[in-house]
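Please read the structure below before turning to the comments.
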There are 2 protein chains.
Amino acid sequence: MSDMPSCQFESRPRRIVIGAGGAQTDFCTTCSVRPTSVCSVIGPDDISRLSDAAVETIIPPGRGFIEEGAPATDFFNVTSGTVKLFKALPDGRRQITGFASPGHFLGLAVSDNYAFGAEAVDTVRVCRFSRDKMADLLDDFPKLERRLLEEASNELVAAQNQMLLLGRKTARERVASFLLDQMHASQLPGQEGTGGRLHLPMTRGDIADYLGLTIETVSRTLSWMRSQGMIEVGKGYAITILSVAKLDVLAAGNT
Amino acid sequence: MSDMPSCQFESRPRRIVIGAGGAQTDFCTTCSVRPTSVCSVIGPDDISRLSDAAVETIIPPGRGFIEEGAPATDFFNVTSGTVKLFKALPDGRRQITGFASPGHFLGLAVSDNYAFGAEAVDTVRVCRFSRDKMADLLDDFPKLERRLLEEASNELVAAQNQMLLLGRKTARERVASFLLDQMHASQLPGQEGTGGRLHLPMTRGDIADYLGLTIETVSRTLSWMRSQGMIEVGKGYAITILSVAKLDVLAAGNT
DNA sequence: GGGACGCATTGATTTACATCAAACCATCCG
DNA sequence: CGGATGGTTTGATGTAAATCAATGCGTCCC
């Protein structure tokens, strides 16, 4: 995963410009592919092929860019921001199946139609590939295929955890699990440690749709956690975790 | 998926014996690998390598063979029967994350430990590979890797559907979705059409743990569906679907 | 400034499902 | 045979979370 320190490809006319290094900027500013995803599995000599296939797209907050059921023409790699993936029922009920952060791939589906919708939570930058060209790339770069398999496996593990959460955990357990997951995500290599201070990019409504709860229950549960000295709820989207231990106990189901 | 009519490899001493053909028996009786999974992506000349890596194992009903959290040493391909995959909380609550039928791969995880447990629902036959040898196979047979990626993608789609079910559907909608899924699974190429007659191998308890409900709710819901003329509940594990249309309406959420 | 709007919090009430409980009905086996 | 055992069904009651409802509080924009 983090065996590649940074994207080493030098600047190329019109297409590839590499950031100066440093965790926040080490991706190609044209194709926007991060070293941890595509760049790390394709050799420097082949980068022009990659950039031929890729188009950078910037998506404003709230804008959907994959519609559930639409023909699956493209394939995406998230390079900055947070994307919510969801499925909906005809009457409007909505389940967010996951949040995709930088490095994640979207649209892996074998089917000809997208199985889920995708919408930008905050400002999002993605690297967009046509699936046709992606298929060619896969043929030429077996390592890329292995990387995708790894990604899919990880997502599968996350999905199984989420099924346990949705099927068997109480509201308090769900919220505790969510906060701990967010904390762990914010502590990945490349992100500085935050000492329990989280900036959740998503609204209460998104959290509710992710945890299979209502807005009101999420809000009440956070208030209850505050009353128990587990967290501090700041203005806007800030939450500070005061006691990881207490949340751990909750999340594990030892209510 | 079904681009390979049957396993064509001839019998080989001690290791490979091919069934006489026909949908029920066209898998290797020693390594038990079905044509739709491993066999279809490995050439005949290489089959001995495959059989070197594979060991057939027969697992009696109710026996667990993957323990959640245990070191992930092996990799499985189901060749007959039904396997339940599950995750559990310390206090015993259980979520079945899926049922694996013939052709499915288990233990794909990148991690060193299994992320879920597995237990035979009925009598199960699996083809067991050591993960070390599997890694070698992957290096030599890129097509196998693509097949695994396809499998993982399909599982991911199924997992997303299940998240929608667990997070947002009512008990009636869940049971209706489940019955329709089972019906569709029984109509896959290679299985004869059953005219709505299902033989579910799993208990009410398993169904409950899969749908995030209790045994009583599953039972009551089935009784209600019977009272509505949607299904017929036979002795043992038999259920007949009388009205696909009514179940469709229910499953889609137009309660 | 002052609506209007989107998001969040808190309270009162309802309800779908869980829990508790009892009875039923196979199959197994001493 | 008879009584244990494991799964299923059905009924009575309880409860966690949904729903309905009101208020607060930023930010945007005329």
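Sequence lines set the chain letters: A, B, ... in the order given, protein chains first and strands last, and positions in each chain run from 1. In this text the structure is predicted, and so the values were computed from the model without any measurement.
- Taking atom CE of residue A/Met225 and atom P of nucleotide C/dT9, one finds them 13 Å apart after rounding to whole Å.
- Residue B/Ile207 contributes atom CD1, which lies 17 Å from atom C1' of C/dC17 at whole-angstrom precision.
- For the pair A/Ile215 CD1 and C/dG11 C1', the computed distance is 17 Å after rounding to whole Å.
- In this structure, CG of A/Asp206 is placed 9 Å from P of C/dC7, rounded to the nearest angstrom.
- The side-chain contact (heavy atoms from CB on, under 4.5 Å) test with A/Met225 singles out one residue from A/Met230, A/Glu232, A/Arg220, and that residue is A/Met230.
- B/Lys84 has its side chain out of reach of B/Met202: every pair of non-hydrogen atoms, C-beta onward, lies at least 4.5 Å apart.
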Enumerate donor-acceptor pairs with a distance under 3.5 Å from any side-chain N or O in residues 158-166 of chain A to protein atoms, sequence neighbours excluded.
{"from": "A/Asn161", "atom 1": "OD1", "to": "B/Lys87", "atom 2": "NZ", "distance (Å)": "3.0"}
{"from": "A/Asn161", "atom 1": "ND2", "to": "A/Val157", "atom 2": "O", "distance (Å)": "3.4"}
{"from": "A/Gln162", "atom 1": "NE2", "to": "A/Tyr210", "atom 2": "O", "distance (Å)": "3.0"}

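- For the pair B/Trp224 CH2 and C/dA16 C1', the interatomic distance rounds to 14 Å; values are reported in whole Å.
- Between A/Phe129 and A/Phe75, the ring planes lie perpendicular to each other; the angle is over 60°, past the 30° to 60° tilted range.
- Between the B/Asp206 side chain and the B/Val121 main chain, no donor and acceptor come within less than 3.5 Å of each other.
- The CZ atom of B/Arg94 sits 17 Å away from the P atom of C/dA18 (whole-angstrom rounding).
- Cation-pi geometry between A/Arg128 and A/Phe76 is not met at under 6.0 angstrom from the ring centre and within 45 degrees of the axis.
- Between the P atom of D/dT8 and the CG atom of B/Asp209 lies a distance of 12 Å, rounded to the nearest Å.
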Which letter, B, S or -, goes with each nucleotide of nucleotides 12-26 of chain D from 5' to 3', with contact meaning a protein heavy atom under 4.0 Å? B----SSBB-----S
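- A/Ser219 comes within 4.0 angstrom of a base, heavy atoms only.
- For A/Arg226, no side-chain nitrogen or oxygen approaches OP1 or OP2 of C/dA8 to under 4.0 Å.
- When rounded to the nearest whole Å, the span between CZ of B/Arg204 and C1' of D/dG6 equals 14 Å.
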